[in-house]
Every structure is written in C-alpha cells, then in structure tokens.
Amino acid sequence: MNDYIIRATAANDSIRAFAITGKNMVEEARLMHETSPVVTAAMGRMLMAGAMMGVTLKGKDDVMTLQIQGEGPLKGITVTSYPDGFVKGFPLVNDVILPPKNGKLDVGGSIYPGFMRVIKDMGLKEPYVGTIELQTGEIAEDLTYYFATSEQIPSSVGLGVLVNKDCTVNCAGGFIIQVLPMCTDEILDKIEENLKNLPSVTNMLQDGMTPEDMLNKVFEGFDVDIMEKTETGFRCDCSKERVERSLASLNKKDKEEIIADGKPVEVRCQFCNKKYEFSIDEIKKLKN
Ligand code: ZN
C-alpha cells in the first residue's frame, strides 16, 4: 500500500478529519537518517503530523515547519511540509537508545521537557508562529494541546509507528479530528465515547485497517464524507546551490584552512543526508 492522506468531514460537516498511512515515508526517513527505534517513532509521528497539517495550507507555495525542541537526549526534530502532501525532516540526534516504557518506545522520554513550534510561511511579511510547551513529548498529545491553545480548535490527534525487532518499520499512521463551531454537544459526546474505546493506531493498522477504516471507526454512528485522497511521502528538494548557501556562513579563516588543506569538502543536506562535494576551485569562488 502506498502512503496517502485522506481528508474527510463527518456528522453533517460539523467535524473535519484527516487520516494517514505513512509506513513507506517513515521507513525511508529511517534509512536516510539511520535512526534508532525510538527516534524512528518520534520522527515518524512528526512527519505524518506535518503531512496532514501541510495539506491544509492554501497557497501552492506555502510552507509549514513543525518543530520540537527538548531537553531529552533526542534534542529535537524539524519537519517541513508542503501543500501537496509531501514532507521532509531530520532529527538532531539519530541514535538515542532508551529502555521501553510500559512496553512501548519511550518517545516522550526522548524529548520531554521542551517546546513545540509551528511556523506557517504563507508568503506574508511575517510567518505565522505558534509555540507551546510540550505536554508529554509523545507528539500527539502535544499537537492536541497546540491546536486547542494556539489555533483555538478542539482536536483529537492519534499517531503511531510500530518498529519491528530488526528496526524496520512495521506500520505507521495516524489521524487528526477537529471540531468545527457548529458541532453540537450531543455529537461531541458520542465521538468522545468512540475515541475512548478506539484501539491504538498501530493496533488498528496491524489489523489491516486503512485510513478510511480508522475514520469510520472514530465516527461510528455518523456519516463520513471522504473529500480527498492525496499521495504523501518523504521528498527533499535539496540541490548543490541550496547546500552551497550553508557554506556562505564559513568565515575567512575556515575558508583559508580548507584551501590550504587542498582537499574537496563534503557537505551533507541535513534533511536527507545526501552528500554534495565542493572542489577547492568552487570553495575559492564563494563570496565570503
Ligand atoms: Zn536533501
């Protein structure tokens, strides 16, 4: 199954919802960044959340950044998402090993305490920036809190990544449910009841459930309208020119040392780890 996102409305348009299956993108990110299981899970949750939030961007050139920064050993993750459903991202530390917590990967323990930040660049003078304090570091709870406090949208977020014993990704997926102003208390009570009884995302995926099935389960007893199905995945748009910009921060002394050294310089794209080589001639041509 390819990775995809669905957008839906439910209960007579009083709720909007997103659901994703993202096993391939999370596995791709794992291979690129050589992540340990707990980092794979944290990175995967961030990528899938970013992808679902990205498709809500309105302009085709809009870009969103979802970032966590914390005092835990993982230190932070940055994800950039685009309106077409594609994302890229990287962890600051890729090889964190922590003992499991309640039999699960301790994503919260790898990052908490800290902050989550959402930056939406919509081509305006100033980007929109929303920052919250991490509630648990488990990502889904933090996003729920972010939506409630920064965007004033009551939401429920579920995200899950299951990692196999050999460290590969078994399944990955999630959903975002958002309550619109016309939603009644009656509808809300019933959906809260459904959410309370909902199996974990990874249990649902392991049972073979699709994003459509997950939303049908969340909205059991209501009508669900699938509005759109969008392909999603990991995509880095780096190029030699873009990477060259990071070399522009070299000071004069560093540059002279590199030239004196006489060896080509290898620069890696932080988002996908692709290597770009710069010859001494190219380094000499940099305007710094
Ligand atoms: Zn790249």
Side-chain angles (χ1 to χ4, degrees), residues 3 20-53 65-81 87-118 132-146 156-176 198-206 214 232-234 236 268-273:
D3 294 347
I20 186 170
T21 175
K23 176 186 169 178
N24 302 313
M25 73 159 88
V26 181
E27 176 65 10
E28 205 177 324
R30 178 186 81 83
L31 291 169
M32 269 178 210
H33 294 291
E34 296 173 351
T35 50
S36 62
V38 72
V39 182
T40 305
M43 181 82 223
R45 291 180 195 179
M46 287 285 285
L47 285 169
M48 293 188 292
M52 287 189 280
M53 292 166 79
T65 303
L66 174 65
Q67 208 169 42
I68 47 170
Q69 264 179 312
E71 290 171 27
L74 207 165
K75 292 193 182 347
I77 293 175
T78 296
V79 167
T80 302
S81 37
V87 283
K88 60 181 182 179
F90 65 93
L92 288 179
V93 179
N94 67 341
D95 56 358
V96 177
I97 306 280
L98 284 179
K101 193 176 173 188
N102 307 324
K104 289 183 171 166
L105 292 166
D106 189 8
V107 172
S110 74
I111 190 85
Y112 185 84
F115 293 89
M116 172 178 274
R117 189 169 299 123
V118 174
I132 56 128
E133 224 167 294
L134 290 176
Q135 300 300 296
T136 60
E138 293 285 336
I139 321 287
E141 284 95 335
D142 305 304
L143 268 173
T144 303
Y145 184 73
Y146 160 79
S156 175
V157 182
L159 295 165
V161 175
L162 186 66
V163 178
N164 292 315
K165 284 220 160 61
D166 66 0
C167 297
T168 56
V169 177
N170 180 294
C171 60
F175 61 80
I176 298 176
L198 196 72
S200 72
V201 168
T202 49
N203 279 345
M204 289 193 281
L205 292 168
Q206 273 190 299
M214 285 196 279
T232 181
F234 193 107
C236 191
R268 278 171 187 267
C269 165
Q270 59 184 357
F271 280 98
C272 70
N273 266 334

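By convention here, the first residue in the shown sequence is residue 1. In what follows, every heavy atom counts, from backbone to side chain, and hydrogens, waters and symmetry copies are set aside.
Contact detail for T232 and T21: the closest heavy-atom pair is CG2-O, 4.3 Å. Nearest heavy-atom pair across A49 and L66 is CB-CD2, 4.0 Å. Of all the heavy atoms in M25 and A51, the pair that sits closest is CE-CB, 4.3 Å. A172 approaches L205 most closely through the heavy-atom pair C-CD1, 3.4 Å. Closest approach of F234 to C272, counting heavy atoms only: CE2-CB, 4.4 Å. The minimum heavy-atom distance linking V107 with A41 is given by the pair CG2-CB, 3.7 Å.
Side-chain contact between V39 and S110 is absent, with no heavy atoms from C-beta onward closer than 4.5 Å. Looking only at side-chain heavy atoms (C-beta outward), I139 and M116 come within less than 4.5 Å of each other.
Separating the CG atom in D95 from the NE2 atom in H33 is a distance of 13.5 Å, to the nearest 0.5 Å. The distance from the CE atom of M48 to the CE atom of M43 is 11.0 Å, given to the nearest 0.5 Å. Rounding to the nearest 0.5 Å gives a distance of 5.5 Å between CE of M204 and CZ of F175. In this structure, the separation between OG1 on T78 and CZ on F271 is 6.0 Å, given to the nearest 0.5 Å. Rounded to the nearest 0.5 angstrom, R30 CZ and L47 CG are separated by 14.0 Å. Annotation: the span from F90 atom CZ to C269 atom SG amounts to 9.0 Å, rounded to 0.5 Å.
N102 places no side-chain N or O within 3.5 Å of a backbone atom of K104 that could act as its donor or acceptor partner. A donor-acceptor contact shorter than 3.5 Å is absent between the side chain of D106 and the backbone of L98. A donor-acceptor contact shorter than 3.5 Å links the side chain of D142 to the backbone of T136. In this structure a side-chain-to-backbone donor-acceptor pair under 3.5 Å is present from E27 to V169. Distance alone, capped at 3.5 Å, places no donor-acceptor pair between the R45 side chain and the A140 backbone. Judged purely by atom type and a 3.5 angstrom limit, N170 has no side-chain atom pairing as donor or acceptor with the backbone of L162. Side-chain atoms of D3 do not come within 3.5 Å of backbone N or O of G233 as any donor-acceptor pair.
Looking at V157, I20, T144 one by one, the single match for side-chain contact (heavy atoms from CB on, under 4.5 Å) with I176 turns out to be V157. The residue from M53, M52, Q135 that alone fulfils the side-chain contact (heavy atoms from CB on, under 4.5 Å) condition with L143 is M53. The residue from I68, V93, I111 that alone fulfils the side-chain contact (heavy atoms from CB on, under 4.5 Å) condition with K75 is V93.
Shown here is E133, whose CD atom has no more than 12 heavy atoms of other residues, nucleotides or ligands within 6.0 Å.
Residues passing the side chain to side chain contact (heavy atoms under 4.5 Å, CB included) test with P113, sequence neighbours excluded: E71. T202 is linked by a side-chain hydrogen bond (donor to acceptor under 3.5 Å, both in side chains) to S200, counting only residues two or more places apart in sequence or in another chain.
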